[in-house]
Participant: 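Structure in structure tokens, see below.
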Number of protein chains: 2
Amino acid sequence: MTERRPPEHRRPTSHDVARLAGVSRSAVSRCFTPGASISEETRNRIMSAATELGYRANALARNLKSQQSQLVAILASRLDTPFRARQVKHLSRALIAEGFRPLLLTADHSDDLEPLLSSMLDYNLAGMIVTSDTPPVAVVDECKRLRVPLVLINRNPEPDGGDRIQLDTRAAAETVFDMLYTAGARRFAVLRPEDRTYTVMGRVSAFCELVRSKGLSCHQLSCGTQSYAAGRASIRQHAELIHGCDGLFGTTDLLACGALDGLKHDLFLRVPEDIRVVGFDDIEQASWAPYDLSTVRQDAGAQAELAVAMMRARLQAPDAPIRREHPPLQPILRGTTEKTETR
Amino acid sequence: MTERRPPEHRRPTSHDVARLAGVSRSAVSRCFTPGASISEETRNRIMSAATELGYRANALARNLKSQQSQLVAILASRLDTPFRARQVKHLSRALIAEGFRPLLLTADHSDDLEPLLSSMLDYNLAGMIVTSDTPPVAVVDECKRLRVPLVLINRNPEPDGGDRIQLDTRAAAETVFDMLYTAGARRFAVLRPEDRTYTVMGRVSAFCELVRSKGLSCHQLSCGTQSYAAGRASIRQHAELIHGCDGLFGTTDLLACGALDGLKHDLFLRVPEDIRVVGFDDIEQASWAPYDLSTVRQDAGAQAELAVAMMRARLQAPDAPIRREHPPLQPILRGTTEKTETR
DNA sequence: ATGAAAGCGCTAACAG
DNA sequence: CTGTTAGCGCTTTCAT
């Protein structure tokens, strides 16, 4: 008596719904396809059958058929970093809002991304958004070949594999310079992290160039990583140079926070009286009391929406020319660039 | 002459590989199936054909057939919060390490999760991991019915829909109490955020109970959200009460950091001389110079691995009894509970 | 060890 | 408007 009745936990299929509603499977399919022609009555019957059974179309099957999933891979490194977390949060929300499903790929010390990324491609991705880790060329090519829209956020401009959202380093440099100069800085320094991210390196060199083009001096202070600890250590390490400066560009808020603590606690300098400081990104901690750090905001929300829009556009016009967009920057003036009594 | 030749960007299928290698599609499939029987020679032929064509098995089709995807949904709220970001990072890594693909669902002001979550279920999830947002009952039931393993991290114990990783609030309370008491605190206060997360509320009440069971006093200071700003505001608001206390449990590092700044900059109290402070989570900022906050570490990495292991176990034994695990806690002693010259 | 055949659950082209 | 039919790309008996 081993009667083989369908197990209780089987998902109902369109077949089940069709049978219960007394229609064909195509009817069911049409019922769940936005622009399909179906009579009001059948639709109702199907709908009630569907809800009764708890039917939900199997996305895998649907995607297999339509050769297109709603899956979008997000590749992000250093997710535990405040700005990156914000970026990813907004990306995820923006994608979901547009009906996509974000697949999260966190990769750090560039542990061989290649296999991972290309295994994501197995899912017939609707797109891929990369923030801050340069995807291996193989993957970029693969995306191109498979016509998977690829959006790079703040990535190196070279490989030109996909659409890009890119910081306008010139504009950034000018904004930062203005903030520091207006606050009275004349002898500049900038933190140069050694883990060379394009954006960050770009900011450093653009800033230096700009400062020098004004006939002012700009020291580059090397510091290991883009972290609080590195920022602080760097200040200690370059103490002498620092004493000759009155304006510091932290390159990144995380670095800037570390630097601020170094300036105050290690070198006993007053900010902004002895030295003005500006960061970049406007992470939450920049506004915390001990920092009150002037910075430049990158609007993660707008950036995310732009990324999704670019992806969607590419999806519709795979052969359109590559786009590159500069999202807007907004200077945030806080205590570290406050005007002090001159003279 | 509109010759319809296969578009260049079509993915090669097992069929293409089979043809090139001169074998059947089944052979190709077997070649990519771990424990299948296939001769060394055919395997080689197939493999080289596969690499030549750049073949990768279509995950959608595979999953459709096997009724099981490698997709795991992570539901996380407040991703832009340091501890949550760390959690998600580790979850993502742990999942990927085990061959799963994390789908990221960020939901905040509990914008109707239900449709979202259940639409995720359309992907034949291999599991679902929820951190900090209680999933609607409907979804929990759905998971149960569809036998989708559900792991809840630090969620309310009531619905008992899935396996849980849960803070041991008693142990947490004892750890915190010890840290404060040992540092000399006798008159306690605790921050009570109004956005009632189970874990957080549990910490608050367990702590208060414990303190009172020792015959000591414990004031609950209400504060709006679990944020830096709320922590700081709360201190200002409860200034009088605070002045009568010498030990504060911040409930969350974010709150504790805000509180610390409130204590120092608004009430002009010295920490730890006038009042000792302990946070919870050990976010990076707790170790920053201005805070140097004693706290209790929840090991996000271990937590994530545990979550994935539990998920995997449930996948293999859907009917095993529900598990509940308490991940270990580790007190981190820093400046805010330093012993000061007594008397 | 291998190939033929039968689907997984769905959609879409085509008749009616 | 509706049902029939033919797959999407893969896996998996089942013979051979």
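Residue numbering restarts at 1 for every chain, and letters A, B, ... go by the order of the sequence lines. Computed from heavy atoms alone, side chains included, the values below leave out hydrogens, waters and symmetry copies.
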Participant: Less than 4.0 angstrom from a charged side-chain N to a carboxylate O is my criterion; do A/D16 and A/R11 meet it?
Facilitator: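 The answer is no: the pair does not qualify as a salt bridge.
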Participant: Does A/Q67 place a side-chain N or O at less than 4.0 Å from the phosphate oxygens OP1/OP2 of D/dG9?
Facilitator: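 For D/dG9, OP1/OP2 do have a side-chain N/O of A/Q67 under 4.0 Å.
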Participant: Checking salt bridge (Lys or Arg N to Asp or Glu O under 4.0 Å) against A/D80, which of B/R86, B/R93, B/R84, B/K89 comes through?
Facilitator: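 The single option meeting the salt bridge (Lys or Arg N to Asp or Glu O under 4.0 Å) with A/D80 is B/K89.
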Participant: Can a side chain N or O of B/S37 be found less than 4.0 Å away from OP1 or OP2 on C/dT2?
Facilitator: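 The answer is no; no side-chain N or O of B/S37 sits under 4.0 Å from OP1 or OP2.
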Participant: Check the distance between C/dG9's P and B/Q68's CD and give it to me in whole angstrom.
Facilitator: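 My rounded result for the distance is 13 Å.
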Participant: Please report, rounded to the nearest Å, how far the P atom of D/dC8 is from the CZ atom of B/R11.
Facilitator: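 It is 15 Å, rounded to the nearest whole Å.
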Participant: If the cut-off is 4.0 Å, is A/T13 near the phosphate of C/dG9, judged by side-chain N/O to OP1 or OP2?
Facilitator: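 No, A/T13 has no side-chain N/O under 4.0 Å of OP1/OP2 on C/dG9.
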Participant: Mind checking B/F32 for me? I need base, sugar-phosphate or nothing, with any heavy atom below 4.0 Å counting as a touch.
Facilitator: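 If one applies the 4.0 Å heavy-atom cut-off, B/F32 turns out to touch nothing in the nucleic acid.
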Participant: Please produce a list of atom pairs where a protein N or O lies less than 3.5 Å from an N or O of nucleotides 12-14 of chain C.
Facilitator:
from	atom 1	to	atom 2	distance (Å)
C/dA12	N6	A/S26	OG	3.4

Participant: What integer distance in Å separates B/N63:CG from D/dT11:P?
Facilitator: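 Atom-to-atom, B/N63 to D/dT11, this comes out as 9 Å.
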Participant: Rounded to the nearest Å, what distance is computed from the CD atom of residue A/E40 to the P atom of nucleotide D/dT2?
Facilitator: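 From A/E40 CD to D/dT2 P: 10 Å.
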Participant: A/Y123 OH to D/dG9 P: how many Å, rounded?
Facilitator: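 Between P of D/dG9 and OH of A/Y123: 17 Å.
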Participant: I need the CG-P distance between A/L60 and C/dT11, as an integer number of Å.
Facilitator: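 So the CG-P distance, A/L60 to C/dT11, works out to 12 Å.
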Participant: Quick one: on DNA chain D, does A/G22 or A/A61 contact a more 5' nucleotide (nearest heavy atom)?
Facilitator: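 It is A/G22, whose closest nucleotide lies nearer the 5' terminus.
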Participant: Among B/R155, B/K144, B/R314, which one satisfies salt bridge (Lys or Arg N to Asp or Glu O under 4.0 Å) with B/D163?
Facilitator: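 Exactly one option meets the salt bridge (Lys or Arg N to Asp or Glu O under 4.0 Å) with B/D163, and it is B/R314.
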Participant: Show every donor-acceptor pair shorter than 3.5 Å between a side-chain atom in residues 59-68 of chain B and any protein atom, with sequence neighbours excluded, or say none if there are none.
Facilitator:
from	atom 1	to	atom 2	distance (Å)
B/N63	ND2	B/A59	O	3.1
B/S66	OG	B/R62	O	2.8

Participant: Assess the residue pair B/L117 and B/V130 against the criterion (side chain to side chain contact (heavy atoms under 4.5 Å, CB included)); give the C-alpha distance rounded to whole Å, side-chain angles, the decisive distance to 0.1 Å, and a yes or no.
Facilitator: CA-CA 11 Å; B/L117 273 182; B/V130 174; 5.7 Å; no
Participant: Grab the CG-C1' distance between B/D122 and C/dT11 for me, whole Å please.
Facilitator: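 Nearest whole value for this atom pair: 16 Å.
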Participant: Can you find a side-chain donor-acceptor pair between A/R101 and B/S119 that sits under 3.5 Å?
Facilitator: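 Short answer, yes.
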Participant: State plainly whether the residues A/E40 and A/R43 are in salt-bridge range, i.e. N to O under 4.0 Å.
Facilitator: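 No.
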Participant: Reckon A/I38 touches a base, only the sugar-phosphate, or nothing at all at heavy-atom distances under 4.0 Å?
Facilitator: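 It contacts sugar-phosphate atoms only.
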Participant: Please report the distance, rounded to the nearest Å, between CG in A/N58 and P in C/dT11.
Facilitator: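 After rounding, the reported distance stands at 9 Å.
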Participant: Between C/dG3, D/dG9, D/dC1, which nucleotide gets closest to the side-chain atoms of B/V23?
Facilitator: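 Looking only at side-chain atoms, B/V23 lies closest to C/dG3.
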Participant: Given that A/R62 and B/E41 both sit by DNA chain C, which one's nearest nucleotide is further toward the 5' end?
Facilitator: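 Final value for this comparison: B/E41.
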